[in-house]
Amino acid sequence: MSLSPDEIQARIDRARTIQATLSPEKVVAAVTRLFELDPVPGLEDEFTFPAFDKPTRQRIFGGQVIAQALAAAARTVDPGKPAHSLHAYFLRGGDEAKPLHFRVHRDFDGRSFANRRVVVRQDGKVIFNLTASFHAPEPGATHQAPMPDVLPPEECPELVENLAADPNVSDAQLERMARLRPFETRNFRPASTERGTQHYQWYRLAAPIGDDPLLHRAFLAYVSDMGLLSSSLLPHGFTWSTPGLFSTSLDHAMWFHGDIRVDDWFVYVMDSDWTGGGRGINRGLIYRRDGTLIASAMQEGLLRVTSPAPDA
């Protein structure tokens, strides 16, 4: 099945009409509220997040719980020690219709470094855990991988254009995605015939969020789970909407290298080294527009493909 150019344009127009009715400030504020966890009365280092009033996903978005756990850990650390790394495992799918419970363990506090473990539960069962390390800034030798030659965001198609052209993305899915995007997103992917693994996405938060460094790190952690897993799908001609494909994150690691602002354009350059045994490795480097490397990410994902049932 394929869509005609007129059908694709009609879908793009519909998605943009939906986006035009939404306040960017309200969409960004809704994501910001995800990181505002409630302390559990009488229990130190424990926090909760309520169930969604109107769930929109079958499973909680992985970037959400990564960012929430990072925010919970940071609330127990001296603000002079920003997060420099995190390592996380997704153990069970989360349910938006149920509250989340976060338990922070203070494993280490030193002069330069601090370390925290965060265990996230639903219905008393562990669904996710994260270890984060925090480091007081200090001088040192400096080098970085140069930013690859990428098109500027103005020359890349909007994400909604790619989604609208995918016949496996239903009208309802396209409309839902048009409503739930706190970031302006432009992306580039190699032609399917090339079977390359490198692709990139430009992001810029749709509204300002002030200057709190933790909030910018939380948003970057949130977005780091967008698109990364697809790197290991590209060599096989798959996308997340391919019939019969089940994909989900197994683990996620991230390193923060310097000052971060998510309300300016930054580019997430992604590729994959390997797939096999139902799993795939995905790598990402995040650069500011001026070429400064601000973060690195790695993720292993589960990739299962079943043949679609034959037509009756």
Side-chain angles (χ1 to χ4, degrees), residues 11 14-15 18-19 21-24 26-37 47-72 88-102 118 120-123 125-130 159-160 162-164 166 168-185 187 201 203 205-206 218-230 233 238-252 268 282 297 299-304:
R11 280 158 56 92
R14 174 59 180 157
I18 291 171
Q19 290 175 328
T21 66
L22 302 172
S23 161
K26 288 185 178 180
V27 174
V28 171
V31 178
T32 302
R33 284 193 293 272
L34 297 175
F35 315 138
E36 298 170 357
L37 307 179
F47 307 90
T48 59
F49 183 78
F52 282 69
D53 293 333
K54 297 179 180 179
T56 59
R57 299 173 181 267
Q58 291 182 332
R59 291 178 294 168
I60 291 176
F61 170 52
Q64 172 193 323
V65 72
I66 292 170
Q68 288 178 315
L70 176 64
Y89 281 92
F90 299 91
L91 306 178
R92 295 180 174 89
D95 186 344
E96 287 190 341
K98 298 177 181 178
L100 292 165
H101 178 272
F102 299 80
V118 184
V120 184
R121 291 179 170 85
Q122 273 190 330
D123 287 339
K125 295 180 180 179
V126 177
I127 65 166
F128 175 87
N129 58 49
L130 173 143
L159 180 61
V160 70
N162 296 92
L163 293 172
D166 186 343
N168 294 315
V169 177
S170 69
D171 289 345
Q173 288 174 317
L174 180 62
E175 292 181 10
R176 180 179 67 82
M177 291 178 181
R179 295 177 184 278
L180 299 176
R181 290 287 170 177
F183 285 90
E184 297 178 55
T185 307
N187 66 332
Q201 291 186 329
Y203 292 99
L205 206 61
F219 267 100
L220 193 67
Y222 178 91
V223 81
S224 70
D225 194 36
M226 291 183 179
L228 185 55
L229 181 55
S230 64
L233 306 180
F238 300 147
T239 71
W240 66 268
S241 63
T242 297
L245 174 69
F246 176 78
S247 61
T248 190
S249 304
L250 294 173
D251 62 15
H252 192 94
Y268 199 2
N282 309 275
Q299 184 181 85
E300 186 174 40
L302 180 66
L303 309 175
R304 288 177 175 158

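Starting from 1, each residue takes its place in the sequence as its number.
- The ring pair (Phe, Tyr, Trp, His ring centres under 6.0 Å) check on Y268 picks up nothing, with sequence neighbours excluded.
- Legend: residues meeting side-chain hydrogen bond (donor to acceptor under 3.5 Å, both in side chains) with S170, ordered by chain and number and at least two apart, are Q173.
- Every residue meeting the salt bridge (Lys or Arg N to Asp or Glu O under 4.0 Å) condition with D171, not counting sequence neighbours, appears here in chain and number order: R11.
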Sequence neighbours excluded and cut-off under 3.5 Å, please list the side-chain donor-acceptor pairs for residues 92-100, or say none.
residue	atom	partner	partner atom	Å
R92	NH1	V126	O	2.5
D95	OD1	A97	N	2.8
E96	OE1	T56	N	2.8
E96	OE1	R57	N	3.3
K98	NZ	D123	OD2	2.7

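- Here CZ of F47 is found 10.0 Å from NE2 of H101. Values are rounded to the nearest 0.5 Å.
- Note that CG of L302 is 11.5 Å distant from CG of D251, once rounded to the nearest 0.5 Å.
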| request: Decide yes or no on side chain to side chain contact (heavy atoms under 4.5 Å, CB included) for Q122 and I60, but give the supporting numbers first. | output: CA-CA 11 Å; Q122 273 190 330; I60 291 176; 3.8 Å; yes
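- For the pair A218 and A67, the tightest heavy-atom approach, listed with the atom from each and the gap, is O-CB, 3.3 Å.
- Within a 6.0 Å sphere centred on CZ of F52, heavy atoms belonging to other residues, nucleotides or ligands number more than 12.
- Nearest heavy atom pair, residue F61 against residue M226, reads CZ-CG, 3.6 Å.
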| task | For T248 and R59, run side chain to side chain contact (heavy atoms under 4.5 Å, CB included): C-alpha distance rounded to whole Å, both residues' side-chain angles, the deciding distance at 0.1 Å, then the answer. | result | CA-CA 10 Å; T248 190; R59 291 178 294 168; 2.9 Å; yes
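- The closest donor-acceptor contact from the side chain of T242 to the backbone of L245 lies at 3.5 Å or more, if one exists at all.
- The environment of CD in Q58 is sparse: at most 12 heavy-atom neighbours from other residues, nucleotides or ligands sit within 6.0 Å.
- Contact detail for S247 and L303: the closest heavy-atom pair is CB-CD2, 3.8 Å.
- Between the CG atom of N162 and the CD atom of Q201 there is a distance of 8.5 Å, given to the nearest 0.5 Å.
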| Verdict with reasoning, F128 to V118, per side chain to side chain contact (heavy atoms under 4.5 Å, CB included) | CA-CA 8 Å; F128 175 87; V118 184; over 6 Å; no
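- Considering only heavy atoms from C-beta on, T32 comes within 4.5 Å of F219 through its side chain.
- With sequence neighbours excluded, the residues that form a side chain to side chain contact (heavy atoms under 4.5 Å, CB included) with D166 are N168, V169, T239, S241.
- Of all heavy-atom pairs between Y222 and P182, the closest is CE2-CG, 4.2 Å.
- In terms of heavy-atom proximity, N282 sits nearest to L229 at OD1-O, 3.2 Å.
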| task | Kindly determine whether I66 and F90 satisfy side chain to side chain contact (heavy atoms under 4.5 Å, CB included), including the steps that lead there. | result | CA-CA 9 Å; I66 292 170; F90 299 91; 3.7 Å; yes
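- Contact between E184 and L205 at its shortest, heavy atoms only, is OE2-O, 4.3 Å.
- Judged as a side-chain hydrogen bond (donor to acceptor under 3.5 Å, both in side chains), and not counting sequence neighbours, the contacts of Q64 are Q68.
- For the residue pair S249 and Q299, a side-chain donor N or O sits within less than 3.5 Å of a side-chain acceptor on the partner.
- If you take CD on E300 and CG on L250, they are separated by 5.5 Å, rounding to the nearest 0.5 Å.
- Taking CG of L159 as the reference point, atom CZ of R181 lies at 5.0 Å (rounded to 0.5 Å).
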